[in-house]
Amino acid sequence: MLNILLFGPPGSGKGTQSKRLIQHYNLNHLSTGDILRKEIAEQTPLGRIAQHYIDKGELVPDEVVISMIEELFEDKAIKGFVFDGFPRTVPQAKALDNMLLGRNKTICIMVVLEVDKEELIKRLLNRASIEGRKDDELHIIENRIKVYQNQTAPVLDYYLKQGKAFKVNGMQTEDEVFKDVCYNIDNFSKCL
Ligand code: AP5
Ligand code: MG
């Protein structure tokens, strides 16, 4: 099983690169942001909880996100996942490791997309005019970046200590980023 963790700040290209990776390696895409937005659109009880946080650019509480993920692991036919936007806190990373360990699986590699703050803001404001995502508004974007630095960045140290984290220059074209991401997976994954 190939389990790839795609990591980086809001607007770094996680969703864009995930789409290519799932095709290239024949994997399932697991984006907690996409799942939560679907719950909001369907106005489920979970969606109502999530909306309160997403609208402010804050993280949805760990226990909510972790129990949501646990339910998705049951399909045994799955070849592996591209994790996009999860884990976002150290408790989420520990919960994910335990979930995988219980199934004799592991995170094979974390690829980190590095992009400057100025470029992140430019991309997300541009996306707002194309896709109309509600949280792509300047003051919310700025809070999302702050939340990333304060609460999510420690997840990088967690995987660096496991020798699994590799950084890629996310400021290049989409094709160039993809090439670098694949290079890291093909050469440094702990599972292949
Ligand atoms: P989530 O949906 O995960 O959003 P995010 O992390 O803020 O990241 P984005 O989806 O905005 O950016 P991306 O990195 O996917 O970039 P993209 O490829 O789209 O989370 C949203 C919210 O949900 C959170 O704030 C939180 O409230 C909640 N949430 C989600 N997961 C959670 C969790 N685990 N725990 C708690 N709460 C959680 O690219 C952005 C734009 O740039 C696009 O327009 C794209 O076309 C363009 N672009 C991409 N690559 C390039 C390139 N190389 N050059 C130029 N443009 C590019
Ligand atoms: Mg995304």
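Whatever order the structure lists ligands and atoms in, that order sets their numbers, starting from 1. Excluded from the calculations below are hydrogen atoms, water molecules and symmetry mates; all remaining heavy atoms, backbone and side chain alike, are included. Remember, predicted model here, so these are calculated numbers, not experimental data.
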As a check for students: among [options], identify the option with a heavy atom nearest to [atom].
atom	options	answer
atom 7 (O) of ligand 1	Met68, Arg144, Lys56	Arg144
atom 54 (N) of ligand 1	Met171, Glu176, Glu131, Arg123	Arg123
atom 46 (O) of ligand 1	Glu174, His52, Arg127	Glu174
atom 1 (P) of ligand 1	Gln92, Arg88, Gln172, Lys14	Arg88
atom 15 (O) of ligand 1	Pro10, Gly15, Gly13	Gly15

Quick one: which ligand 1 atoms are inside 4.0 Å of a heavy atom on [X]?
X	value
Gly85	31 (N), 32 (C), 33 (C), 34 (N)
Thr16	17 (P), 18 (O), 39 (O), 45 (C), 49 (C)
Thr173	53 (N)
Arg37	2 (O), 21 (C)
Leu124	11 (O)
Glu58	26 (C), 27 (O)

Is [X] close to ligand 1, meaning an N/O of one under 3.5 Å from an N/O of the other?
X	result
Arg133	yes
Asp136	no
Glu119	no
Phe86	no

Nearest non-hydrogen protein atom, [atom]:
atom	value
atom 31 (N) of ligand 1	Thr32 OG1, 2.7 Å
atom 12 (O) of ligand 1	Gly11 N, 2.9 Å
atom 37 (N) of ligand 1	Val60 N, 3.0 Å

So, the side chain of Ser129 versus the backbone of Asn126: is there a donor-acceptor pair under 3.5 Å, distance only?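 A pair under 3.5 Å: yes.
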For Arg103 and Met99, indicate whether the former's side chain and the latter's backbone hold a donor-acceptor pair under 3.5 Å.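 It does hold such a pair.
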If the threshold is 4.0 Å, N to carboxylate O, is there a salt bridge linking [X] and [Y]?
X	Y	value
Glu118	Lys122	no
Arg127	Asp135	no
Lys19	Asp84	no
Lys179	Glu176	no

Check contact between [X] and ligand 1, using heavy atoms of the residue and a distance below 4.0 angstrom.
X	value
Gly8	no
Pro9	yes
Leu36	yes

Can you see which heavy atom on Asn184 is nearest to which on Ile109, and at what distance? O-CD1, 3.3 Å
Let me see the working for Thr44 and Glu39 under side-chain hydrogen bond (donor to acceptor under 3.5 Å, both in side chains), right down to the final yes or no. CA-CA 6 Å; Thr44 64; Glu39 297 281 339; 2.5 Å; yes
Within reach of ligand 1, part of Ile54 (heavy-atom separation under 4.0 Å): both
If you count the non-hydrogen atoms of other residues, nucleotides and ligands that lie under 6.0 Å from CG in Asn104, is the total more than 12? no
Would you say Lys164 has more than 12 foreign heavy atoms packed within less than 6.0 Å of its NZ? yes
What I want to check is whether the side chains of Asp180 and Gln172 have a donor and an acceptor closer together than 3.5 Å.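 Yes, Gln172 and Asp180 have a side-chain donor paired with an acceptor closer than 3.5 Å.
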Taking side chain to side chain donor-acceptor pair (under 3.5 Å) as the criterion, tell me which of Asp62, Thr152, Thr32 meets it with Gln92.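 When side chain to side chain donor-acceptor pair (under 3.5 Å) is applied between Gln92 and each of Asp62, Thr152, Thr32, only Asp62 qualifies.
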Run the side-chain contact (heavy atoms from CB on, under 4.5 Å) check on Ile140 and Glu137 step by step: do they pass? CA-CA 5 Å; Ile140 305 174; Glu137 200 184 307; 4.1 Å; yes
